[in-house]
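Chain letters run A, B, ... following the sequence lines, proteins first, then strands; residues in each count from 1.
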Amino acid sequence: MLTDIAIIITKIMIVIGGTFTAVAYLILAERKVAGFVQERYGPNRVGIWGLLQPIADGVKTMLKEDITPAKANRIIYHLAPAMVLAPALVTFAVVPFGSGIDAFGRHIAFQIADINIGILFIFAITSIGVYGVVLGGWSSNNKYSLLGGVRSSAQMISYELALGLSVVGILLLTGSLRLNDIVEAQIGMWNVFRQPVAFMIFLVAVFAETNRLPFDLAESEQELIAGYHIEYSGFKYSMFMLGEYSNIITASALIVTLFFGGWTVPFIDVTKLGHLGAFLSVVSFAVKTGFFLFLYLWVRWTLPRFRYDQLMHLGWKILLPLALLNLLFTAAWITYV
Amino acid sequence: MVRVENDLQGEILELSFGPQHPATHGTLQIVMELDGEKVLNVEPHIGFLHTGFEKLAEHMSYNQFVTVTDRMNYLSPLSNNIGFSLAAEKLFGIEIPKRGQYIRVLMSELSRIADHLVSIGTAAMDLGAMTVFLYGFREREKLYDLFEWATGARLTTSYTRVGGLMADLPEDFPDAVLKWVKQFPKTIDEIEKLLNHNRIFQDRTYNIGVISKEDVIKYSLTGPVARASGINYDMRKDLPYSSYEDFEFEVPVGENGDAFDRYLVRMEEMRQSLGIVKQVLANLPDGDVNIDPDSKLTLPGKDEVYTTIEGLIHHFEVTMENRGILPPVGEIYMGTESPNGELGFYIVSNGKREPYRVRIRPPSFINYTIFKKLMKGAMFSDIVSNLGSLNIIAGELDR
Amino acid sequence: MTESLFFIFATMAIVSALTVVVTRNPIYSAVSLVITLFSLAGIFLLLEAYFLAVVQIIIYAGAIMVLFLFVIMLLNPGKEAKFLSLTDPRTLIVTLLSIAFIGMIFSLVSGSVNYIGEVMGSVEELGTTRNIGLTLFTKYLLPFEIASLLLLVALVGAVLMTKRNLR
Amino acid sequence: MSEFTEKIKLKFPDEILEGPEFDSEDAVSVKSDKILDILDYCRTDAGMRFEFLTDLTAVDFLELDSPERLAVIYVLRNMASMETLILRAFMFGDEEIDTVSEIWHSAEWLEREVWDLFGIKFKGHPNLKRILMPDDYEGHPLRKDYPLKGRGERDSFKIIQRERERY
Amino acid sequence: MVNSTLNLVWLIPLFPLIGFLLNGIFGRRLGDKAVGIIGSGVMFFSFIVSGYLLLNYLGLHQTGAEFHTTLFNWISVADLQLSVSFQVDSLSLMMVVMITGVAFLIHVYSIGYMNGDEGFARFFAYMNLFSFMMLILVLSDNYILMFLGWEGVGLCSYLLIGFWYEDDENASAGKKAFIVNRIGDFGFLLGALLIFVTFGSFQYSEIFSQLEGYSVGNGTVTAITLLLFVGAIGKSAQLPLYVWLPDAMAGPTPVSALIHAATMVTAGVYMVARSSFLYVLAPASMTVIAVVGAATALFAASIALTQNDIKKVLAYSTISQLGYMFLALGVGAFSAGMFHLLTHAFFKGLMFLAAGSVMHALANEQDMRFMGGLRKKIPKTFITFLIGALAISGIPGLSGFFSKDELLWQVYSSPAGGIWLWLVGAVTAGLTAFYMFRLIFLTFYGEARWKPDTIAHESPNKMTLPLIILALLSVIGGYVGVPALLGGENRIHHYLEANLAKLPDDFTTHQSHLMEFTLMGISVLIAMAGIFLAYVFYVKRKELPDLLAAKFKRAYNLSFNKFYVDELYDYLFVQRLITISKWLWNIFDVRLVDGLVNGAGQLIMVSGRRLKKVQSGLVSGYALSLFLGSLMMIGYYFFR
Amino acid sequence: MLPIEYYLWFAAALFAIGVAGVLLRRNVIIVFMSIELMLNAVNVTFIAFSRQMNNIDGQIFVFFVMTLAAAEVAVGLAIIVAMYRNKKSINVQDMNLLKW
C-alpha cells in the first residue's frame, strides 16, 4: 500500500517536473527555432547556446511587479491562471509515456492513472481549460482581453467537436477508450495509416485547441495585442504561459499516442526487452512527441493567422463534416468489411 | 475603461484601436463600433504625431528644411529629401548635373525598396506571418548600411541640397550596391514562396479592402494603392523628373484592387526598382553632382573655402542666417513618386531666404481617407489587412 | 474511503449550490455552479457511473456552463437592485417551504435503509461506456434518436432566435 | 498662360481676379463664390478633364500683395495628359467656401486640415472638426498672425489623475 | 434455372441511373458535350446489355422461361415481404430491348435537338431518370416495384412536359398530365392492394400460381382487372382519360417521341399483357377493354383528321394506335397487341422525331398551315417520315402492315371479338391513312407557306441518323411477325406466347385462310383509299377540304374542337366541384363548424375573463404554485 | 457502503436550493442555473437508484436529462438574449407578458 502511494507520487513528480522542464525548454526551443527559421541567432547570452535562458526568464517573471488592474474582478482575476494551468497538467495523467517496468514485485505502468475512459477523461478536462481563458479575459475588465476570451471560447468549443469526432474513428477501430489499449493496438501498424483523415483533422483541431498559429486569434498580437492575458504580468502571466505550453506538450503527446503508436517502437517489441525496452519506449515516445513539438514551432513561424469567420468556416463547414464522413466511412468499413 | 452599470446594450462594443497598438505602426487611433467580430463603423483619429512641419518650414531656409523632410516618411527618408529638393530647384529654376540626377534616382529607388520591404513585412506580420517581416528587415538593414555609408546616417539622411547633393557617392559605393543587387532577388523569391501561394494569406487578403477605379479618383489615391486598382498612374513615367525618362521600367498595375493586389504590386515594384538601380549603376556618368558653385546656390569646394577669401565669403553668403540663397518670388507645385504615392510640395516664395509657405502633399494622409470606407461592414481582423496594405506612415500622416 | 469522499463532495456541492443562489455577481454564480457540477461528477464516480461522470463534465461544465458564461459576458448585467434580504417575507416563506420540503423528504426516506449495492449485490462495470452504449443503442434507440432530433430543433431555434433582424 | 487658364477666363470672366503676380505653373485666381461651378467646369468639360484632385490646401497671403488674405488652393490634374492646374480661390470677408467633399471624398480630410490650420470654414462639410490639433485647441496655427510665443498652449491639456479608489 | 448471364439484368437499369446521377449532380460543370455523351452512352450500354441478354434468352431452347433476380430486400413488414427483384422473361426482355434501343436513338437525337438549350444537362438527367424508371417498370417482378416505376415515369413525364417551365402553358400541361394520371394511378394502386388482400403477395408468379382456384368470371378478379385497367387508361391515354396526352406535346419533341409515343404510354398495354393471366379470368373486363380500345381508336382518329398542329396530329394518332392495342388485348390477342406495340414504337417514334426535325427546320413552327413544300428542302426527313406514314397506314411490306393485320385478324377471329370490332378497326385504319397523308401533303408538298424570314434547313447528322435507323426498323421491324398466311411463322407470337395467357376457351378455331386473306386485302384497300383521298383533298383539289368543312360544319367543328371533351370535363367535374365546395363552405363550414367553434370560444372567453386574474404573468409566481403543488403531493404521502 | 438515504437527502437538499433560487432570484440567468441545479438533483437520485437496483436504465435517463438540459439551455439562453434586446433587462419581473 505504502509502496503504491510512493510509486504514484513519484510518477506525479516525474510527470509534473518533466512537463515544467519541457515547457521551459520548449519556450527556449521556440525562440531558437524562430531564430533558425528567420536566419538569426535567437537567445545565446545566458549559458552556452542560451541554455540557461529559461531560468533567467523564470526568475524575471517571478520578480516582475504583479499588477492587478484597478477595476478587475479580483477573485476571478487571481483564479484564472490556475484554471488554465491545472487542466493542462491533469490531462497528462492518463497519457502512457512508456511500456512500464516490473519492479518492487509489481508491474509499474508508465502512466499516472490507467483509467478505462482515458480519452473521455482527456476531453472532459480539456473542455474546462477554456474557463481560465474566458474568465481571465473577462475579469481583466479590458475590452481587448474580453474579445480574446470570447474568441478563444468560441474557437475551443467549435473545434472540440471536430477533435472528438476525429478520434471516434480510432475508438471504433480499437474498441476501447483506454489509451494503453489504443497504443497496444498500434503495434505493427500506426493509426495514422489507418485513419489519415482523422489524423489531419485531429492535428488541425488540436492546433486550434491550443490557440496556436494559425489559430491564435485569442491572443493575436497584432489585433488584440495579447488577447485574454493582456493585463496579466509577473507570476500569473507565466502561469498562463506554463498552461499554454503544457497544453502543447499534452497535445503532441496525444497525437503520438493516438496516431503514432505512442511508446511503441517500430519493428521492436519493447515489452519483451525488460528494462531496456522500457527505456526504449520512453525514448521513442519522447522523440515522437518532440517532432510534433517542433511542428508546432515550425508552423508558428511560417503561417499567417486565420480570420475569425474563416476559422469558424474551417471548423464547422470543413473539419466537422469531414470528421463525420470519416466516422461514417470507418463505421461502414468495420461493419461490412 | 469604465464599466457602466447595466450598460452594454445591444452588445455593440466600442473599441479604441490605438493610439498605441502593435498594428498601427505609429501613433494613430481608430475608434470602432464592433458587433461581435463585425465592424459597424470606424472613426480614425490622427494628429498624435503632429509636429507642424509646414509651420517649421516658414522659419527655415530651403536647405535647412531638408532635414525636416527626413522625419516625414521615416521608412524612405531619401525619397522625401529628393522630393523637396526637386521642388525647391523647380522654384529656383535650376537643374542639377546628370550625375547628381542619376544618384538621386539610385537613392530614391533603393529607398523605395526599403519602404516596400517594411510595408510588406509588417503587413504580413500583422496577419501573423512574422518570418516575412524579419526577412525583409534583414535586407533593409543592408540597405541602411549602404545609406549610412553614402549619407552618414541610417535614418536621418538629409542627403540632398538645393542644387545637388550633400556629397558625391563614396568610391566603392556602386560596387557595394551591385553586390547587394545581385543577392537581393533571392529574398524576394523567399517572400513570395512564403506568401503568394499561402492559402491563409490569400484568404486574408483576397477581396479584402477592394478599391474600385472610381474610388481611386474620388479619394485621390496614388502610388501602389492606386495602381493595384488598375489605375496606371506613376509620376516617374507620366511626369518624369530627375532623368527618370532615361531608364526603362514597367509600372505594375493590379486588377482587383484588393489587399493581395496591393501586395503583388509592391513586390513587382521592388523588382522594377532593382532594374532601374542596375541601369543607373551601369550608366552612371562622371562629373559633378552639384551645379556650378558660381551660381551662388551651392557651397564651394572645401579647398577653395580654406585657401581663398572669395571662397570663404561665398561659403558665408550661402550659409549665414541673414544671407542665404534667395529664390525668385513665385509659387510652384512639384510632385514626385514616393514609395507610398505622389509626394507633392507646394511652395510659395516671397523672395526671402525662408519659403513663405510650404505645403506637403502627404500620400499616406490622402490614402488613409479611404480607410473608413474599406472598414465599414468588414471583420475586425480585416483592420490589420487593410492598414498594412495601405501602408499608413504616421509621421507622414501628421507631419 | 467512499463515505468520506461522499461527504466531502456533498458538502462542496451544497455549499457551492448555495453560493449560486445567494451571490450577487452572476459570474460567481456560474463559477460556483461549475464547482457544484464537478462535485456531482465526483459523486457519480462514487456510484460507479463512470461514463456519466465524464459526460457530466464534458456536457455541463464544458459546454453548457461556457454558454452561460458567454451570455453573462454578452449581456453584462448589473447587479440586482433588490437583493435577498431576510426581512423580505418572500424570502422567508420560500426558505421555510424549502426547509419543509427537505424535512419531508428526510422523514419519508428515512424509513427504508437500504445499502446501495447490497440489495442486488454489487456488480462491477454497471456504468461503463460499453454498458451505457449497449443499452442506449438497443433498448433506447428510439428515444435516443428523438433526443438527437430535439437537439437539432433546439439548435435551429437558438440560432433563429438570436438572429438580429428577425423582426 | 496656357489654354486652360484662358478657357476659364472666357467661361467665368466675372470670377477672375488678378492674383499675386507669381511665376507659377498654371495658376488662376478666382473668387470663391462660384468655386463649385468653376471646379465642375474644370472637371467635366471635354476640353479640360481635370478630374483628379491632387491636393487641396490654403495659403495666408497676409504679408504679400494679393486681392485678399486667405485663398484655398486646388491642385488639379488631368489623368490623361498629366497636366496640372492650380486654382486659387480667394475668400472675401467671411472666410467661408463651399466644400468639395461631395465630389472628391479625399477632400473631406483635406478640408478638415485646412479648417484646423487656417480656420477656413467649408459650407456643407459633413464633419468639420479639427484633425491634427487637439479638439479643444484654440486658434489656427498656420495663419501668419498666429503668435509663436507666449500662448501657453500646454496649459490646455488636462492633468489626468490616476483613480485611486477601488470599487 | 440459374443462368448467370441473365443475372446481369440489374446492369440494365443501373446505367441510366448512373447517367442520371452524373448529369443531375455534375451536369452544369461537365459541359454540354460530356453530358450528351454520358446521357446517350449509358443508354447504349444498357442496350448492349439487354441485347446480349435477349440473345442469351433466345438461345435457351426453352419457351416461357422466367428468371428472377433479387437485388435486395426492400420492405419487410409483418407478412409483407417485398424485395427489389427483377423478372426476366420474353415479355420484359422484348420491352427492355425496345426501350433501351429507342431511348438510345432518341438520346442521340436530343443532343442535336436540345443543342444550346439552357437546361441541357437537366434534360438529359430527366431523360436518364425516365429510362431508369421505365426499365424498373418493365423489369419488376411484382406490382409494387412496377408501381414505383409507374409513378417514376409519371414524375419524369411531368418534369419533361413542363421542361420549359418558364412558360405557363407548358407548366400547366405538365400539371394536367400529372393530375389526370393520378386518377388512373389511384385505380392501379387499389387494384394492387386488392391483389394483395386476395392473394397475399405482390409477386406475379406467386399470384398467377394461385389462379388455379379461381373460376372464369370470378368477381374479385374482375374487380382487380378493372381497377388495373383504370390505371392503364390513365397511363395509356384511353377514353376518357386521354385528355392529357395532346397537351403533353408542350414538352420537347424527343420527350414526345420517347415518352408519349414509344414507351411510357405503352406501359398500360404492357401492364395488361403482364396481367393477362388475370384478365383471361375476367371476360367482362376483357369486353370493357376491347370496347374502350375500339372507341378510343376511332374517336382519336376522327379528331386527328382536322388538327393543324403537327404534333397534335401525331398525339391523337398515338392515342388511336394505343386504342388499337387495347382492342387486341381486349379480344385476348395479347401477343398481337404487344407486336403492334413494338412496331408502333418504331414508326411513331420515327414520326415524332421527324416532326421535330421539321420544326427544327422551320424555327419551331408547329402549325401545318405554315408549312408545305418541304420535300426538297429536307429530303432525309421527308423520306423517313414518308416511310413512317406508310408503315402506320399498313402498306404491305412495312412493319405496320404485319402488326396491324395480325391484330385485325385476331380481332375478327377471336371469340371475344367479331365483325363489328373489326369494322371499327378497319375504318380507323382508313382514317389513319387519311390523316397521316394529309399531314404529309400539307407539310411536304404544295407551295411553301412558311413564315417569312425562315430558312428551312436539314437537321444535323446527330438528328437524322436516328431517323434513318428508325426508318429502317419501321421497314423491317415487321418481319419478326410475318403471319403464316404469307409464308412466315409469326415468330414473335411464338416467342411471346409462353409468357402470356390464352383465352380459356380455345379460339384458335380454324378460320379459313381465305377469310384472312380477304380481310387483309380489304384493310389494305381501305388504307390505300385513305391515302388517295388525302391526295385528292390536299394536293389535287385543295378547295375541297374547306368546302367539306363548310358543308359539314357541325361535324367538322366537333372534330376540330376535339369533341369538346375538355370543355365537357370542365363543366362536368371542375365546375361541379367548385359549386359543391362553395356550398359546403357556405352551409357546413360557416354555419355549423364555425358556430360550434365560436360557441366554444365564447364559453371559454367568458370563463377565462373570470379566471385570468390568477395569471399575474410573473414566472416565479407560477413556479411557486408549482412547488406548492408538489409539496402537497409529497405531503399526501407523508401524512397518509 | 452508504445507504441510499444519504444520496436522497443530498439530492433533496440540492433540489430545495434550486427551488429557492428559482423563486427568489430575479436574474433570469441565475434562475436558469437554479433549474440546472434541480435537474442535477434529480440526476443524483436516478443514478443512486440505478446503482441500488443494479439496473442501467436510471443512468440512461440521466443521459437523456442531460440532452434535454443542453437543448433547454440553448433555447433558453437564446430567448434571454432576444428578451434582453427587446426589453434591455433580464429581470424576471419584467418578463410578465404571459398574462392578460
Side chain to side chain, L47(C) and Y7(F), heavy atoms closer than 4.5 Å = yes
Is it the side chain or the backbone of L33(C) that comes within 4.5 Å of chain F heavy atoms, both, or neither?
-> side chain
Proximity breakdown for A63(C) and chain F, heavy-atom pairs closer than 4.5 Å | neither
Name the region of L97(C), side chain, backbone, both or neither, that has any atom closer than 4.5 Å to a heavy atom of chain F.
-> neither
In Å, rounded to the nearest 0.5 Å, how long is the span from CG of L77(F) to CZ of F68(C)?
-> 5.0 Å
Is there a side-chain contact between F44(C) and V44(F) (heavy atoms, below 4.5 Å)?
-> yes
Would you call the rings of F6(C) and Y6(F) parallel, tilted or perpendicular, where under 30° means parallel and over 60° means perpendicular?
-> tilted
Quick one: does Y60(C)'s side chain get under 4.5 Å of E36(F)'s, heavy atoms only?
-> yes
Do L136(C) and F64(F) touch side chain to side chain, with heavy atoms closer than 4.5 Å?
-> yes
All heavy atoms of S98(C) vs all of A20(F), minimum pair found to be OG-CB, 3.9 Å
Please state whether the side chain, the backbone, both or neither of V20(C) comes within less than 4.5 Å of a heavy atom of chain F.
-> both
Chain C interface, residue from L37(F), V75(F), I79(F), D57(F) that has the most non-hydrogen pairs under 4.5 Å = D57(F)
Exercise: identify the closest heavy-atom pair between A154(C) and A71(F) | CB-CB, 3.5 Å
Given L14(F), L68(F), V19(F), the one with more heavy-atom pairs under 4.5 angstrom with chain C than any other is L14(F)
Hey, does V22(C) have a side-chain heavy atom less than 4.5 Å from the side chain of R25(F)?
-> no
Value rounded to 0.5 Å, distance of CD1 in I17(F) from OG1 in T19(C) = 9.0 Å
Answer key: most heavy-atom pairs under 4.5 Å with chain F among V153(C), I59(C), T36(C), L18(C) is L18(C)
Nearest 0.5 Å, what's the CZ-OG distance between F32(F) and S29(C)?
-> 14.5 Å
Top contributor to chain C contacts, counting heavy-atom pairs under 4.5 Å, from V22(F), I60(F), V31(F), L23(F) | I60(F)
Matching residue for I47(F) among L52(C), L46(C), I43(C), L40(C) - test: side chain to side chain contact (heavy atoms under 4.5 Å, CB included) | L52(C)
Can you tell if the side chain of I30(F) reaches within under 4.5 Å of the side chain of V21(C), non-hydrogen atoms only?
-> no
Side chain, backbone, both or neither: which part of A100(C) has a heavy atom under 4.5 Å from chain F?
-> neither
Would you kindly say whether N43(F) and Q56(C) are connected by a side-chain donor-acceptor distance under 3.5 Å?
-> no
So F63(F) and Y140(C), side chain to side chain contact (heavy atoms under 4.5 Å, CB included) or not? Walk me through it.
-> CA-CA 11 Å; F63(F) 183 82; Y140(C) 289 96; over 6 Å; no
Taking side chain as C-beta onward, heavy atoms only, is N27(F) less than 4.5 Å from P26(C)?
-> yes
Which heavy-atom pair separates A69(F) from I64(C) by the least distance, and what is that distance?
-> C-CD1, 4.1 Å
Check: F15(F) ring centroid to F101(C) ring centroid under 6.0 Å | yes
